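Report on the following structure.
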2 protein chains.
Amino acid sequence: MAANRRPTLADVAREVGVSAKTVSRVLNEDGPASARTREQVLAAVARLGFQPNLMARNIRVGGPDTTIGLVVPDLGNPFFGAVAGSIEDRVRERGLTLLMGSSADDPDRERALTDKFLARRVSILMVVPSVGADHAHLRQHRAVGLPVVFVDRPGAGLATDCVVSSNREGARAGVTHLVGYGHRRIGFVGDLPTRLYTRRERLAGYREALRDAGLPDDRLLIASAHDQHDAGEATARLLALPDPPTALFAGNNIVALGVVAELARSGRKDVAVVAFDDVALAEALEPALTVVAQNPEEIGRTAATTALARLDGDRSRARTVTVPTRLIVRGSGEQRVSASA
Amino acid sequence: MAANRRPTLADVAREVGVSAKTVSRVLNEDGPASARTREQVLAAVARLGFQPNLMARNIRVGGPDTTIGLVVPDLGNPFFGAVAGSIEDRVRERGLTLLMGSSADDPDRERALTDKFLARRVSILMVVPSVGADHAHLRQHRAVGLPVVFVDRPGAGLATDCVVSSNREGARAGVTHLVGYGHRRIGFVGDLPTRLYTRRERLAGYREALRDAGLPDDRLLIASAHDQHDAGEATARLLALPDPPTALFAGNNIVALGVVAELARSGRKDVAVVAFDDVALAEALEPALTVVAQNPEEIGRTAATTALARLDGDRSRARTVTVPTRLIVRGSGEQRVSASA
DNA sequence: GTGAAAGCGCTAACAA
DNA sequence: TTGTTAGCGCTTTCAC
């Protein structure tokens with residue numbers, strides 16, 4: 001019960017009868033040390049259960065901490081989970097540890113998190129920027145050598161490295177797939193807010209595909225949803241239109257869940273669907289869900305690689321890397337337009 | 001380009017013409033400060049873009065760092081993502097930040113992560129323990145006041161708080177559901193390794209349900225898989241048995257994906273299924289997937305609440321909290337046994 | 001091969 | 001209301 005304090009370097013030194021510096025030397029394999037001393041020190045360390053205080057070390061050494069700060073909108077979203085896992089894989093070999101937080105797409109929460117990360121002197125800062133967040137304040141940190149990377153979306157007010165999916169091209173390919181099966185009225189169910197980069201890009205890709213096909217862009221066919229439930233309702237509303245869509249394009253993984261669930265609920269097998277971002281069990285649906293798959297592992301890896309290069313002194317211009325998406329045709333896009341139209 | 005050093009408290013103090021302590025006071029709203037001084041300090045802080053070094057502060061204050069270390073097997077698994085998000089939600093109000101890492105269920109990686117977290121003097125340590133990991137080394141830290149909580153599985157070699165799902169009861173309820181529809185040969189597809197706590201508990205629940213129903217426990221009906229792909233193959237093997245199961249129980253979310261995908265691939269609608277842990281789109285499958293849903297949010301919340309109570313001085317005995325599961329009947333468990341048997 | 005002293009950036013304790 | 005001194009746990013620097 002005695003809240004005994006943790007042993008320090010000095011405790012170990014005292015135990016062995018050497019100076020603190022000697023212990024430090026042994027532990028960091030810095031400078032020389034006699035075999036005998038080394039042995040004694042190591043024994044004492046084990047005996048006392050000494051664990052060096054990394055914060056104290058960092059303070060003295062002055063360099064950045066061996067952590068990497070990552071802000072995502074939602075830890076529970078599998079897409080961001082996959083990105084985070086990929087980042088971790090890539091930076092682990094460099095001894096970096098992940099400091100993570102979720103912003104809920106709230107600029108204030110994002111700012112609070114990045115401020116905390118900066119106060120901890122993270123080695124690298126990665127952010128999935130929230131709509132409305134400004135990142136001008138990060139400029140000074142970047143200037144002092146902190147790599148800042150935006151992930152999934154570009155940030156505002158700061159020119160720095162950025163890794164995104166090929167949202168526009170992907171959406172265009174997905175919608176073109178639907179057009180190819182004769183659909184002329186294709187609904188778009190996007191996420192919110194409408195100013196969200198991914199939403200805008202994917203909508204733009206949708207519109208490009210329509211234009212390519214000479215189809216009109218009917219605003220009535222464009223819906224939005226915050227979450228899976230809303231996406232289901234938006235789907236129902238679209239299908240209840242006087243002149244309803246015969247196909248739907250889902251703007252992200254969460255929306256896709258809602259769209260697919262609603263079609264299943266209402267037994268509408270006649271509506272073609274393509275979703276942006278892959279979802280679990282897509283291939284087990286009937287029909288199996290055709291998707292524009294993102295590559296979260298590659299996004300994470302690229303972001304990490306870019307940041308590490310900066311850490312190693314890469315001073316080249318900020319670049320935006322676009323990670324390709326891939327149309328995975330599984331069937332749901334192939335419902336032909338019925339004669340009713 | 002000049003890798004100028006970051007401003008320190010002393011820089012701010014010099015800029016204003018006061019002592020470092022005064023700046024410290026203003027920033028921490030410690031002690032008094034004249035309106036004028038406060039104003040000047042704040043202005044200088046903004047002008048220099050000063051951000052206090054949290055590590056230095058922590059070192060001096062001596063308490064634990066305002067971080068919480070969390071080790072999960074896989075950041076990309078939505079179950080652990082949901083747990084992590086829930087923990088973060090709960091501890092954010094206390095100003096704690098998440099330090100996260102994935103162990104890949106490897107005891108060495110787990111140990112490396114916990115050691116790093118301990119070296120950072122985390123306020124709380126939460127671990128989803130890997131099979132084969134020993135946690136005796138954590139005892140001394142717990143003794144010094146560090147709350148240690150095992151999540152999803154009990155740890156070995158250390159009696160401390162633990163939060164788990166009602167694995168056994170849940171599995172039993174799920175299998176009983178299948179028994180209720182006349183199934184006498186029910187396959188179990190579990191995860192690996194077989195020594196995994198959740199695997200063993202769920203298998204035990206499965207066996208209890210069989211025993212309750214007076215059904216034999218046929219070892220041939222028990223399969224294992226590491227990942228989704230393997231689970232699909234295991235499913236195929238089970239169904240290819242001379243006397244195959246008419247129903248399957250999937251032992252976790254990943255296995256469920258494989259089982260369901262394989263049944264879809266082979267067009268086997270006659271096989272009943274119940275899965276442990278909910279999966280996205282379960283309700284959109286045909287038939288919709290009946291699951292024993294876990295409650296990752298509640299698991300995370302409970303783990304966090306328990307740990308915070310310890311931080312606040314709760315010295316009561318270590319307790320294991322079991323978070324209830326819930327059978328969500330959606331249809332896939334209701335395929336009746338065909339006459340062929 | 002080892003140690004003493006100084007200092008990293010910050011705050012506790014005591015003055016003034 | 002403000003400043004001074006000392007020291008958190010560690011490493012750097014320089015001496016021996």
Side-chain angles (χ1 to χ4, degrees), chain A residues 3-42 44-45 48-66 116 118-122 141 144, chain B residues 3-42 44-45 48-66 116 118-123 141 144-145:
Chain A
N4 246 320
R5 119 201 124 59
R6 284 183 163 82
T8 73
L9 203 71
D11 295 326
V12 178
R14 203 171 311 118
E15 177 93 358
V16 182
V18 295
S19 78
K21 178 60 201 169
T22 299
V23 179
S24 169
R25 269 196 274 258
V26 171
L27 263 48
N28 296 309
E29 297 181 344
D30 185 28
S34 78
R36 183 172 149 62
T37 307
R38 138 177 269 90
E39 216 171 278
Q40 287 183 308
V41 166
L42 260 24
V45 163
L48 299 180
F50 169 73
Q51 210 137 12
N53 186 325
L54 225 67
M55 292 190 292
R57 172 172 220 287
N58 263 311
I59 264 287
R60 179 65 249 228
V61 174
D65 189 17
T66 57
K116 267 200 181 155
L118 293 169
R120 290 184 176 286
R121 304 295 188 259
V122 291
H141 296 97
V144 178
Chain B
N4 247 319
R5 127 198 118 59
R6 284 183 163 82
T8 73
L9 204 68
D11 294 327
V12 178
R14 201 171 314 115
E15 177 93 357
V16 182
V18 296
S19 78
K21 179 62 197 171
T22 300
V23 178
S24 169
R25 270 197 272 257
V26 170
L27 261 50
N28 296 307
E29 298 183 342
D30 185 28
S34 77
R36 183 171 150 63
T37 307
R38 141 177 266 91
E39 216 170 277
Q40 287 182 309
V41 166
L42 259 25
V45 163
L48 298 181
F50 168 74
Q51 210 136 14
N53 186 326
L54 251 165
M55 293 189 293
R57 173 174 219 285
N58 263 310
I59 266 285
R60 178 64 252 232
V61 173
D65 190 17
T66 56
K116 267 200 181 153
L118 292 170
R120 291 183 176 284
R121 304 296 189 259
V122 291
S123 287
H141 295 97
V144 178

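All of these numbers come straight from a predicted model, not from anything done at the bench. Every chain is numbered from 1 and lettered A, B, ... according to where its sequence line falls, protein lines coming before strand lines.
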Check your understanding: Which nucleotide in the set dC10(C), dT2(D), dT11(C) lies at the smallest distance from any side-chain heavy atom of Ala56(B)?
Key -> dC10(C)

**Study point:** Beyond-backbone contact of Val23(B) with Val16(B), side-chain heavy atoms, under 4.5 angstrom
**Key:** no

Review point. Would one find a side-chain N or O of Thr37(B) under 4.0 angstrom from OP1 or OP2 of dT2(D)?
Key: yes

**Study point:** Any Ser19(A) side-chain nitrogen or oxygen under 4.0 Å from OP1 or OP2 of dA4(C)
**Key:** no

Review point. Can you tell me how far the OG1 atom of Thr22(B) sits from the CG atom of Asp30(B), to the nearest 0.5 Å?
Key: 11.0 Å

Exercise for review: With the side chain counted from C-beta on, respond yes when Met55(A) and Asp65(B) share a heavy-atom pair under 4.5 Å apart, and no when they do not.
Suggested key: yes

Review point. Looking at the side chain of Lys21(A), which of dG3(D), dC10(C), dT12(D) is the nearest nucleotide?
Key: dT12(D)

Exercise for review: Would you kindly give the CZ-to-C1' distance between Arg57(B) and dA12(C), to the nearest whole Å?
Suggested key: 11 Å

Review point. Base, sugar-phosphate, or nothing for Asn28(A), non-hydrogen atoms under 4.0 angstrom?
Key: sugar-phosphate

Check your understanding: Going by modelled atom types, is there a donor-acceptor pair between the base of dG9(C) and the side chain of Arg121(A) at under 3.5 Å?
Key -> no

Review point. So, does the side chain of Arg60(B) form a donor-acceptor pair with the base of dG9(C) at under 3.5 Å?
Key: no

Exercise for review: Kindly calculate the angle separating the two end axes of the helix from dG1(C)-dC16(D) to dA16(C)-dT1(D), each obtained from five base pairs, and round it to 10 degrees.
Suggested key: 30°

Practice item. Report the distance from atom CG of Leu48(B) to atom OG1 of Thr8(B), rounding to the nearest 0.5 Å. Key: 9.5 Å

Point to revise | Atom pair CZ (Arg57(A)) and OG1 (Thr66(A)), whose distance is rounded to the nearest 0.5 Å | key: 9.0 Å

**Study point:** Atom-pair distance (CG on Asn53(B); P on dC8(D)), nearest Å
**Key:** 18 Å

Review point. Nearest of dG9(D), dT2(C), dT2(D) to any side-chain atom of Pro32(A)?
Key: dT2(C)

Review point. Rounded to the nearest 0.5 Å, how far does CG of Asp11(B) lie from CZ of Arg5(B)?
Key: 4.5 Å

Study note, to complete from the structure: Taken to the nearest whole Å, CG/Leu27(B) to P/dT2(D) is 14 Å

Review point. Toward the 5' end of DNA chain C, which comes first, Arg25(B) or Ile59(B), by nearest nucleotide?
Key: Ile59(B)

**Study point:** N or O in side chain of Thr22(B) less than 4.0 angstrom from dT1(D) OP1/OP2
**Key:** no

Study note, to complete from the structure: Closest of dT2(D), dT11(C), dT12(D) to the Leu9(B) side chain is dT11(C)

Point to revise | Straight-line distance of Arg6(A) CZ to His141(B) NE2, nearest 0.5 Å | key: 5.0 Å

Review point. Given dC10(D), is OP1 or OP2 found less than 4.0 Å from the side-chain N or O atoms of Ser24(A)?
Key: no

Check your understanding: Between CZ of Arg25(A) and CZ of Arg38(A), what distance do you get to the nearest 0.5 Å?
Key -> 11.5 Å

Review point. For the side chain of Thr8(A), counting heavy atoms from C-beta on, which of dG9(C), dG9(D), dG3(C) is nearest?
Key: dG9(D)

**Study point:** Ser34(B) side chain near dT1(D) phosphate (N/O to OP1/OP2, under 4.0 Å)
**Key:** no

Point to revise | Nucleotide dC8(C), atom P - distance to CE of Met55(B) in whole Å | key: 15 Å

**Study point:** Between C1' of dT2(C) and CG of Asp30(A), the distance in whole Å
**Key:** 13 Å

Revision key, fill the gap. To the nearest angstrom, the CG-C1' distance between Asp11(A) and dC10(D) comes to 13 Å

Check your understanding: Nearest-Å distance, CZ (Arg120(A)) to C1' (dC10(C))?
Key -> 14 Å

Point to revise | Interatomic distance, Arg38(B) CZ vs dT2(D) C1' [rounded to whole Å] | key: 14 Å

